[in-house]
Amino acid sequence: MSTHIEAKDNQIAKYVLFPGDPLRAKFIAETYLDDVECYNTVRNMFGYTGTYKGVRISVQGSGMGIPSAMIYAEELYNFYHVDTIIRIGTAGAIQKDVHVRDIVFGQGATTDSSVLRNIFDGKAHYSAIASFEVLDCAYHIAQELVNSNQIHVGNLLSSDRFYNQEMDLAKLANYGVLAIEMEAAGIYATAAKYNRRALAMCTISDHILTGEETTAQERQTTFTQMMEVALETIYKLDQKA
Ligand code: HPA
């Protein structure tokens, strides 16, 4: 048991899928996993463990934003000895060739959050990066399961604010940032702290430059594709272990 998770020591698997929305965690567990048990209801931030093709996998809601995601990531790595966290979320695109319904893998995560600065006492600008092993595996699985021009790998912006009119998105886009979300940098930094693995994959739910949006039905369909990529990635990582 940790401060925000009431699971017993062995109730969480070594692989964790990490959606922002706890109800999405419930949906994923009920739709894709067998022999599911709910291990956390604290603050309604639901967590479930089940099996996928025989591999034990947990699904934990992270909440929105770096502070919330870092609470759960820290407790998963530190108290429950989790090895791999895969964030499955949505992001807003800021590049012309990244479209709604595409999938973006966060190779790195730039952030305006003070969290990373504080960890290094302002003396370094730490580059929050994904686990190459997990990214490499997920990228190759995605090439098999998804139209290859819908897959992008690169820099995310993990923004502290959803509503941020001051951020120079054009400059970020010029520097190659693909899309904006709110958690990856914090999860990557926490994985690094514990020498574990993390990857953030996001479906593009809206295009910040063009105003293009997805319908609820489209979000569900693309989310399903991303889920399959995430689950198959964990399956393959487990086969290799
Ligand atoms: N900003 C931050 N997070 C997001 C966005 C956005 O525009 N779209 C989806 N998640």
Side-chain angles (χ1 to χ4, degrees), residues 17-25 27-28 45 59-73 85-117 128-130 135 138 142 146 150-190 198-227 229-230:
L17 296 176
F18 209 33
D21 179 355
L23 289 179
R24 188 144 266 181
F27 171 82
I28 292 163
M45 198 58 84
V59 198
Q60 171 66 54
S62 72
M64 287 182 280
I66 288 176
S68 180
M70 282 182 91
I71 288 174
Y72 293 99
I85 292 178
I86 300 184
R87 160 163 159 70
I88 38 174
T90 57
I94 58 170
Q95 294 283 348
K96 285 196 198 71
D97 64 345
V98 178
H99 302 284
V100 293
R101 297 180 289 277
D102 290 2
I103 297 178
V104 175
F105 295 105
Q107 182 181 13
T110 296
T111 187
D112 62 342
S113 165
S114 62
V115 165
L116 291 186
R117 204 163 54 236
I129 57 170
L135 172 60
V146 183
Q150 284 185 271
I151 305 164
H152 309 270
V153 180
N155 214 339
L156 295 168
L157 174 71
S158 300
S159 175
D160 246 358
R161 284 183 287 160
F162 187 89
Y163 300 104
N164 185 344
Q165 283 78 27
E166 292 79 25
M167 186 64 76
D168 188 344
L169 296 180
K171 192 164 191 175
L172 283 161
N174 282 340
Y175 274 72
V177 173
L178 302 176
I180 307 181
E181 53 83 72
M182 299 185 70
E183 292 83 16
I187 299 167
Y188 289 177
T190 311
L199 172 66
M201 56 174 87
C202 296
T203 56
I204 299 300
S205 56
D206 50 291
H207 204 296
I208 293 163
L209 303 180
T210 64
E212 206 184 348
E213 284 177 354
T214 45
T215 63
Q217 183 55 44
E218 284 173 331
R219 276 200 294 281
Q220 194 54 53
T221 310
T222 30
F223 190 80
T224 302
Q225 256 187 346
M226 180 173 65
M227 273 315 311
V229 172

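From a predicted model like this one, the values you see are computed outputs, not experimental measurements. One-based numbering, in listed order, for ligands and for the atoms of each.
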Using side-chain heavy atoms (C-beta onward) and a distance below 4.5 Å, is [X] in contact with [Y]?
| X | Y | value |
| --- | --- | --- |
| His152 | Gln95 | no |
| Val59 | Phe18 | no |
| Glu183 | Met70 | no |

Protein residues having a heavy atom less than 4.0 Å from any atom of ligand 1: Thr90, Ala91, Gly92, Phe162, Ile180, Glu181, Met182, Ser205, Asp206, Ile208
Least distance between heavy atoms, Leu157 atom then Asp112 atom: CD1-N, 4.4 Å
Partner set under side-chain contact (heavy atoms from CB on, under 4.5 Å) for Lys171, not counting sequence neighbours: Asp168, Tyr175
From CG (Asn155) to CG (Leu178), nearest 0.5 Å: 7.0 Å
